[in-house]
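From a predicted model like this one, the values you see are computed outputs, not experimental measurements. Each chain gets a letter, A, B and so on, in the order the sequences are listed, and its residues count up from 1.
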There are 2 protein chains.
Amino acid sequence: MKLNKSVEENINSWISQINVEYKLALSVDCVIFGYTTRDMFVALTKCDMPPFEGDYSLVGDIVQPSENLDQAANRILQERTGLTNVYLEQVQTFSETNRHPLGRVVTVAYYSLIKLNEYYDKLPGEDFLIWRNIKDVDTLAFDHKEIFDVCLSRLQKQVKEQPVGFNLLPKKFTLNQLQELYEVILGVELDKRNFRRKLKSLNILQDHDELQTDVSHRPAKLYSFNKKLYEQRVADNFLF
Amino acid sequence: MKLNKSVEENINSWISQINVEYKLALSVDCVIFGYTTRDMFVALTKCDMPPFEGDYSLVGDIVQPSENLDQAANRILQERTGLTNVYLEQVQTFSETNRHPLGRVVTVAYYSLIKLNEYYDKLPGEDFLIWRNIKDVDTLAFDHKEIFDVCLSRLQKQVKEQPVGFNLLPKKFTLNQLQELYEVILGVELDKRNFRRKLKSLNILQDHDELQTDVSHRPAKLYSFNKKLYEQRVADNFLF
DNA sequence: TCAAAAGTGTTAATGATACACCCATGT
DNA sequence: ACATGGGTGTATCATTAACACTTTTGA
């Protein structure tokens with residue numbers, strides 16, 4: 001793999017990890033989706049690598065010899081957000097030979113889902129991780145815009161087929177919060193009554209007979225996702 | 001990556017390609033599905049690598065420095081079957097650190113679809129590639145059984161959402177041939193009248209006003225998949 | 001004339017869509 | 001009392017599922 005000389009001279013956090021003796025480096029790039037009321041964000045970080053200085057990139061890292069891809073993705077999540085037990089989903093592997101200026105880096109894309117409300121105080125400051133509204137993502141370093149688009153499409157598909165959305169809400173939530181989440185992810189408006197009928201018919205929500213507090217209007221009932229009901233339903237029929 | 005000494009000593013077709021200086025090798029493994037009337041096969045090859053001597057494995061190879069993953073998959077297909085322009089779909093990347101006895105090999109799984117009827121005479125002999133009925137796949141070398149299962153599930157899902165099945169049939173086919181294909185892939189029986197109504201309503205088939213020949217019963221009409229109609233339909237609404 | 005697969009319609013059930021008003025709470 | 005979001009039902013339409021007989025051809 002030929003390296004551009006001017007690129008080789010630029011030392012940064014990546015070059016120390018890509019031994020030019022390797023034929024190939026493997027990395028994991030995470031599209032970290034963070035949700036908070038009515039807004040979906042993606043975690044970005046500033047890129048200091050030519051020719052992408054000043055651009056933003058997804059967060060990623062080289063896969064270490066001792067770890068598999070899921071472990072690498074979890075480590076990256078932990079290092080960048082401090083969070084463990086985050087929902088992670090492998091999406092696709094990107095391998096264009098010239099996709100990385102430092103040499104041959106094949107990257108495995110993951111998306112992950114984070115409740116920004118709940119964990120915001122735990123998350124590092126703005127200069128370490130930038131949370132960009134997904135509606136405002138235009139260009140990114142490397143092929144990261146393509147990776148972002150593919151991961152967002154995958155999320156949109158999965159949210160219609162599997163109960164992944166609950167990873168973006170607090171344990172207990174109202175039906176309207178859930179509907180708003182679906183609307184933000186899918187970028188469409190949904191009918192309130194049809195949405196409720198649909199979700200209740202799925203029979204995967206647990207009613208806690210508990211109400212919202214601290215709202216200046218009629219408080220809504222709180223529900224939670226019941227994994228056991230879900231698995232039972234999957235075993236019986238299909239779902240969604 | 002520590003190598004088991006007894007394994008290191010066994011020279012075979014892989015060890016020459018996995019330089020122990022690399023931290024990691026990247027490979028592509030293909031689940032090559034071949035279809036012929038009422039039967040779906042997968043291409044296997046005999047494995048001579050301890051501890052899997054005598055087992056069968058999927059066909060795969062190391063990704064070369066000059067090629068991306070799709071190119072590697074196409075090359076493997078070409079080398080093993082002689083076929084080009086084969087339908088290929090990247091499925092998932094497998095990365096357990098101990099999945100390969102010779103060291104760290106991360107593999108990207110693809111599935112591909114081949115018309116066995118049409119190309120059977122072009123395919124290499126039995127000792128080079130073994131075509132095993134997918135119903136008879138039990139154990140495979142490495143983690144290849146898991147890869148096979150994941151790829152088969154993916155095919156079953158995609159065939160319900162996209163027009164991939166047509167890659168397994170000759171250009172012109174009868175509606176019953178198409179139905180049999182779906183039944184074999186999905187492992188279920190379908191209702192003839194409902195199947196026909198459904199497919200005609202999709203409006204992606206072209207009627208050639210042509211009949212089967214050489215059959216000892218009433219000949220069926222021949223249809224072909226019309227890509228333009230399909231793309232138009234995708235542009236308008238959704239599909240399937 | 002027989003065997004073998006081709007071809008064709010209707011009904012019932014289910015799921016999806018469209019749509020408007022009253023309710024409970026805090027201020 | 002008012003502003004805010006919470007909560008509910010019905011009618012229509014589209015899709016899916018279940019089901020059996022006649023037709024055409026070659027042997």
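Considering only side-chain atoms of A:H217, the nucleotide from D:dA27, C:dA16, D:dT4 that sits closest is D:dT4. Listed nucleotides C:dT27, C:dG7, D:dA17 differ in distance to A:S216; the shortest reach to its side chain belongs to C:dT27. Of the candidate nucleotides C:dT8, D:dG7, D:dG9, D:dG7 has the atom nearest to the side chain of A:K221. Looking at the side chain of B:R218, the nearest of the listed nucleotides C:dA18, C:dG9, C:dG7 is C:dG7.
For the pair A:R132 and A:Y56, the cation sits on the ring face: its NZ or CZ lies under 6.0 Å from the ring centre, inside 45° of the axis.
Note: CZ (A:R196) to P (C:dC23) measures 16 Å, nearest angstrom. Distance B:Q212 CD to C:dA5 P: 11 Å, rounded to the nearest Å. One interatomic measurement links the two molecules: NZ of B:K160 to C1' of D:dT16, which rounds to 14 Å at whole-angstrom precision. Going from atom CD of B:E189 over to atom P of D:dA17 covers 15 Å, rounded to whole Å. To the nearest angstrom, P of C:dA16 lies 13 Å from OH of A:Y182. The CG atom of B:D191 sits 12 Å away from the C1' atom of C:dG9 (whole-angstrom rounding). Rounded to whole Å, atom C1' of C:dT8 lies 16 Å from atom CG of B:L199. In this structure, A:L190 places its CG atom 10 Å from P of C:dT17, rounding to the nearest Å.
For a distance-only test at 3.5 Å, the side chain of A:R193 qualifies as a donor-acceptor partner of the base of C:dA20. With hydrogens and angles ignored, a donor-acceptor pair under 3.5 angstrom links the side chain of A:K192 to the base of D:dG7.
For the pair A:P219 and B:K200, nearest-nucleotide mapping onto DNA chain C gives the more 5' position to B:K200.
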- [ ] Decide yes or no on salt bridge (charged side-chain N to carboxylate O under 4.0 Å, His left out) for A:E146 and A:R99, but give the supporting numbers first.
- [x] CA-CA 11 Å; A:E146 184 192 355; A:R99 62 172 293 282; over 6 Å; no
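When only modelled atom types and interatomic distance are considered, B:Q232 and B:Y230 share no side-chain donor-acceptor pair under 3.5 Å.
Between B:F33 and B:Y111, the ring-plane angle classifies as perpendicular under the 30° and 60° cut-offs.
We find that B:E210 and B:K172 are joined by a salt bridge, their nearest charged nitrogen and carboxylate oxygen being less than 4.0 Å apart.
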